[in-house]
2 protein chains.
Amino acid sequence: MGKNKGPRRPRAETPKGFRDYFGTEVSARKAMLDRIAAVYHRYGFDALETSAVETVEALGKFLPDVDRPNEGVFAWEEEGDWLALRYDLTAPLARVAAQYRNDLPTPYRRYAMGPVWRNEKPGPGRFRQFYQCDADTVGAANVAADAEICAMLADALEAVGIERGDYVIRVNNRKVLNGVMEVAGLAGDDKAAERGIVLRAIDKLDRLGVEGVRALLGEGRKDESGDFTKGAGLNEAQADVVMGFMAAGSETNPDTCARLRELVADAEIGVEGVDELEQIAALMEAQGYGPDRIIIDPSVVRGLGYYTGPVYEAELTFEIKDEKGRPRQFGSVAGGGRYDDLVKRFTGQAVPATGVSIGVDRLLAALAAKGRLDRAAQGPVVVTVMDRNRMADYMAMVGELRAAGIRAEMYLGNPKNFGNQLKYADKRASPIAIIQGEDEAAKGVVQVKDLILGAKIAAQATVEEWKSQPAQVEVPRADLLATVREMLGRHG
Amino acid sequence: MGKNKGPRRPRAETPKGFRDYFGTEVSARKAMLDRIAAVYHRYGFDALETSAVETVEALGKFLPDVDRPNEGVFAWEEEGDWLALRYDLTAPLARVAAQYRNDLPTPYRRYAMGPVWRNEKPGPGRFRQFYQCDADTVGAANVAADAEICAMLADALEAVGIERGDYVIRVNNRKVLNGVMEVAGLAGDDKAAERGIVLRAIDKLDRLGVEGVRALLGEGRKDESGDFTKGAGLNEAQADVVMGFMAAGSETNPDTCARLRELVADAEIGVEGVDELEQIAALMEAQGYGPDRIIIDPSVVRGLGYYTGPVYEAELTFEIKDEKGRPRQFGSVAGGGRYDDLVKRFTGQAVPATGVSIGVDRLLAALAAKGRLDRAAQGPVVVTVMDRNRMADYMAMVGELRAAGIRAEMYLGNPKNFGNQLKYADKRASPIAIIQGEDEAAKGVVQVKDLILGAKIAAQATVEEWKSQPAQVEVPRADLLATVREMLGRHG
């Protein structure tokens with residue numbers, strides 16, 4: 001009110017679609033990523049941290065469903081060069097593999113964890129900066145590399161707390177799909193549009209069911225709102241081939257492979273794909289990863305256009321409630337596949353590569369749903385300030401506790417109102433408050449207040465319990481550390 | 001050669017001034033930051049991770065030596081808003097403190113670690129993306145908050161491997177400096193330019209010595225190249241005051257404070273500053289941080305304009321060789337101070353705050369200079385591929401080693417040339433290679449090759465030593481794990 005003549009104050013806001021992470025949000029994610037990194041390291045993968053900024057030309061345009069130039073990325077011009085924030089961790093890896101190809105080992109196994117940025121419309125739970133956690137092998141043509149990534153993904157999920165039985169890794173092969181297309185008469189450049197529609201239709205099996213997919217393979221499909229989606233225009237026989245492919249999944253990998261082999265018998269690329277799937281299954285079995293953990297599933301296609309061979313997806317199979325309270329499977333938390341052409345963009349030479357990306361926020365949400373996230377704030381012991389001339393004494397107490405490895409702090413706000421100090425301790429989720437006023441100082445004692453027990457007593461206890469279990473004890477100053485230790489130990 | 005008709009290939013290069021970090025460069029930094037975070041956590045500080053992108057108006061212009069709008073940051077326009085990459089971790093904290101002021105505890109202790117971006121001319125060892133590692137307390141007016149940060153900084157340095165005696169934290173107070181300016185007749189808005197020259201002159205004491213600074217306080221100074229720098233134009237008496245201030249440092253904090261008190265006796269703000277320094281020294285002593293670790297030093301001024309009270313700087317005192325081989329002190333690795341006006345930009349209300357920023361790359365360089373960085377690559381055990389039809393057997397060996405927690409991998413390149421496999425193992429710094437050809441498989445044995453011992457023998461051994469210390473042993477397949485374990489144990 002009144003004088004508003006100064007410059008307008010800046011708004012204290014994150015840009016639209018961005019957010020901040022506080023305390024245990026940061027530490028829970030870090031703990032999860034540390035566990036995953038340990039698995040990746042054990043598998044022989046080396047850390048790589050590329051710069052967040054790349055040239056637009058190095059990044060290329062590999063975002064799904066994005067056709068317009070620079071659409072989907074945050075880009076700006078800098079002395080004639082267009083720079084952009086990376087939108088994933090795969091494009092920078094391809095650039096690194098090309099830039100350092102004479103120095104890196106071949107094959108090069110690397111993992112990377114960090115934020116990526118997408119210039120997309122933000123929505124609920126959909127941010128423009130988010131974490132990815134990738135592992136890739138560059139320079140290995142053999143599908144043993146794909147099998148290794150699948151095994152590592154299973155180990156990583158178990159390492160962070162997803163139990164065996166709660167996840168399955170589904171493996172398919174784009175080459176088999178290409179063979180199916182060929183058998184269905186959809187080979188050739190002039191059929192690219194139809195192949196695209198078929199691919200997207202298969203990807204929707206979960207949501208639309210067999211009938212819906214069949215409609216999309218034929219003339220098209222009208223959804224509940226009355227909107228019509230044009231189909232691929234396949235005839236009955238063609239559609240049968242595709243539907244047969246999708247239904248070829250079985251309980252055992254050899255069964256599935258046998259059915260697929262029959263389906264694509266007339267297409268060389270398809271047979272090659274089935275051979276690879278059989279090799280992957282055999283390599284998995286040899287390491288003890290049975291079809292309860294890693295299974296061949298023809299319905300997995302993965303959205304990205306650049307995959308050229310095996311594709312894989314980790315799905316969490318336990319149920320959660322959706323926004324309407326209905327049970328549904330948690331779904332996909334990671335996916336990847338073989339992309340043999342990304343490095344070629346730079347060097348002109350094909351470099352085989354395969355890798356996986358874990359959706360960090362999805363996996364964190366899954367751990368939260370399973371109660372596996374340690375989000376409990378470990379609040380500090382708070383030494384209150386009763387007498388502002390005795391700060392040095394309080395700091396000495398804090399120093400003693402910290403030196404013993406106990407998280408502790410002195411109240412640093414205005415000490416006048418003691419109630420505010422206890423409110424602060426409450427907000428910090430402090431387990432213990434230490435109090436030493438003039439009287440206590442004179443007697444050489446301190447009050448040690450068990451705030452966890454205090455909260456329990458306040459919530460439910462009878463007067464008798466209160467008396468038998470005092471939440472506050474007076475001890476000699478020399479016993480401060482021992483008392484705090486004992487009290488913390490009581491709460492685990 | 002020949003057909004060059006396709007589109008130009010993108011260059012595989014990081015943008016100018018950016019770089020990538022590989023393997024142990026990533027893990028050594030992470031290990032150091034983890035140790036620092038543990039100290040910060042023990043002191044009651046909570047993690048905060050803000051988005052990398054901020055609005056330009058929220059960031060403000062607080063880069064040192066930058067006057068032009070948006071100079072120094074990477075910025076771009078997005079639907080009418082100007083966005084930018086953060087240039088430090090303090091500006092985002094000020095924004096967070098304002099945005100969440102009703103939800104955060106008061107005081108709010110937070111730490112943050114992450115990359116920041118500066119749009120500056122890159123140079124040798126000077127990059128446009130680099131890490132900072134900050135801790136700040138917002139909402140605490142008492143200098144106990146500054147003392148706490150200094151103690152924490154000392155603990156953090158020791159936690160990462162800088163020994164006591166190899167560092168000192170120097171503390172000064174801008175209020176004392178302001179008092180000195182007042183006594184020297186440099187108070188008032190019309191003397192701002194002179195004060196700036198004086199401040200920069202003091203900051204150059206290390207480099208120019210007493211005579212050089214004295215010249216800058218007076219008419220000015222001609223440097224070796226003949227360039228003349230205009231001075232502050234102080235007369236003898238005025239310059240004496242400033243020089244007296246710089247020389248007031250003593251072996252003991254009480255001595256230093258007594259000398260400063262005398263110097264600024266006529267300036268209220270100066271006396272207040274000395275009072276604060278005395279409080280800080282007393283609080284430090286109470287926690288056991290003597291002047292061997294934290295000392296009051298009037299020559300510390302810190303470059304940034306926004307400091308309003310105590311300023312502090314961590315200096316490493318051990319010697320390294322400069323580029324010409326001359327010994328010099330390692331110098332500053334961290335600094336900070338009290339800035340009471342940054343949050344006010346947003347809210348209009350003054351919010352006292354103080355904090356420190358550790359230069360992550362500088363500290364890593366210091367640890368490397370002291371031989372304290374664990375940069376030794378922990379290479380994986382490499383299972384070689386002698387027979388490409390027996391991949392599953394090799395993968396089973398790898399799986400067995402990994403399940404036992406041993407870093408291991410199968411060679412995934414083209415197995416045709418066995419020499420390439422051993423070259424690969426060498427490049428990966430592998431401690432052990434496993435070999436099983438047709439003959440070994442038939443006999444149910446494997447060859448386990450100690451590559452570390454092998455390298456030693458190759459470098460220096462006689463034929464006798466070679467025979468008595470075989471670097472390669474043949475063991476039953478069932479003994480693979482035990483043999484690898486034993487061999488790894490031998491090398492620690």
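Letters A, B, ... mirror the listed sequences (proteins, then strands); counts begin at 1. The structure displayed is predicted, hence computed values, not measured ones.
- You'll find the side chain of B:E78 stays beyond 4.5 Å of the side chain of A:K16, heavy atoms only.
- Interface remark: of the candidates B:E285, B:R110, B:M284, B:R29, B:R29 forms the most heavy-atom pairs closer than 4.5 Å to chain A.
- Counting heavy-atom pairs closer than 4.5 Å to chain A, the top-ranked of the candidates B:V382, B:V39, B:L85 is B:L85.
- Of the two parts of B:P107, the backbone and the side chain both hold a non-hydrogen atom closer than 4.5 Å to a non-hydrogen atom of chain A.
- Proximity to chain A (any heavy atom under 4.5 Å) is shown, for B:P10, by both the backbone and the side chain.
- A 4.5 Å side-chain heavy-atom check between A:R109 and A:E148 finds at least one atom pair inside the cut-off.
- Both the backbone and the side chain of B:F22 come within contact range of chain A, each with at least one heavy atom under 4.5 Å from a heavy atom of that chain.
- Both the backbone and the side chain of B:T14 come within contact range of chain A, with heavy atoms under 4.5 Å apart.
- A:V56 places none of its side-chain heavy atoms less than 4.5 Å from the side chain of A:W76.
- Within the 4.5 angstrom heavy-atom criterion, no atom of B:R101 approaches chain A.
- Most heavy-atom pairs under 4.5 Å with chain B: of the set A:P352, A:G288, A:G405, this distinction falls to A:G405.
- At a 4.5 Å heavy-atom cutoff, the contact between B:V96 and chain A is made by side-chain atoms alone.
- Here A:G348 is the residue among A:P92, A:G348, A:S430 with the most heavy-atom pairs under 4.5 Å with chain B.
- Across A:A37, A:A38, A:A52, the residue that shares the most heavy-atom pairs under 4.5 angstrom with chain B is A:A52.
- Annotation: cation-pi pair A:R19/A:Y21 present, NZ/CZ under 6.0 Å from the ring centroid and within 45° of its normal.
- Per-residue heavy-atom pair counts under 4.5 Å with chain A were compared for B:A98, B:A97, B:A144, B:A141, and the maximum is reached by B:A144.
- Only the side chain of B:Y100 comes within contact range of chain A, judged by heavy atoms closer than 4.5 Å.
- Only the backbone of B:T347 comes within less than 4.5 Å of a heavy atom of chain A; no side-chain atom from C-beta onward does.
- Heavy-atom distances place the side chain of B:K30, and not its backbone, under 4.5 Å from chain A.
- Cation-pi geometry between A:R42 and A:Y40 is not satisfied (NZ or CZ under 6.0 Å from the ring centre, within 45° of the ring normal).
- Only the backbone of B:D103 comes within contact range of chain A, with at least one heavy atom under 4.5 Å from a heavy atom of that chain.
- Neither the backbone nor the side chain of B:L401 comes within less than 4.5 Å of any heavy atom of chain A.
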Criterion side-chain hydrogen bond (donor to acceptor under 3.5 Å, both in side chains) on B:R86 and B:T50, from CA distance to verdict: CA-CA 9 Å; B:R86 65 183 179 207; B:T50 59; 3.2 Å; yes

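- Using a 4.5 Å cut-off between heavy atoms, B:D34 touches chain A through its side chain atoms alone.
- Side-chain rings of B:F74 and B:F18 approach one another, their centers coming within less than 6.0 Å.
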CA sep, side-chain torsions, deciding dist, call: B:E409, B:Y424, side-chain hydrogen bond (donor to acceptor under 3.5 Å, both in side chains): CA-CA 12 Å; B:E409 52 172 60; B:Y424 170 84; 2.5 Å; yes

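- Chain B forms more heavy-atom pairs under 4.5 Å with one residue of A:E400, A:M410, A:Q129, A:E49 than with any other, namely A:E49.
- No part of B:A94 comes within reach of chain A, as not one of its non-hydrogen atoms sits under 4.5 angstrom from that chain.
- When A:T106, A:V343, A:V398 are compared by the number of non-hydrogen pairs under 4.5 Å with chain B, A:T106 comes out ahead.
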A:D155 and A:Y289: CA distance, side-chain angles, deciding distance, side chain to side chain contact (heavy atoms under 4.5 Å, CB included) verdict: CA-CA 10 Å; A:D155 284 11; A:Y289 297 82; 2.6 Å; yes

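- Within the 4.5 angstrom heavy-atom criterion, atoms from both the backbone and the side chain of B:L48 approach chain A.
- Donor-acceptor pairing under 3.5 Å is lacking for the side chains of A:Q279 and A:N142.
- Options B:G399, B:P380, B:S51 differ in how many heavy-atom pairs under 4.5 Å they form with chain A, and the most are formed by B:S51.
- Heavy-atom pairs under 4.5 Å with chain A were tallied for B:N414, B:V26, B:D46, B:L412; the largest tally goes to B:L412.
- In terms of heavy-atom pairs under 4.5 Å with chain B, the best-connected choice from A:R128, A:M395, A:K427, A:R95 is A:R95.
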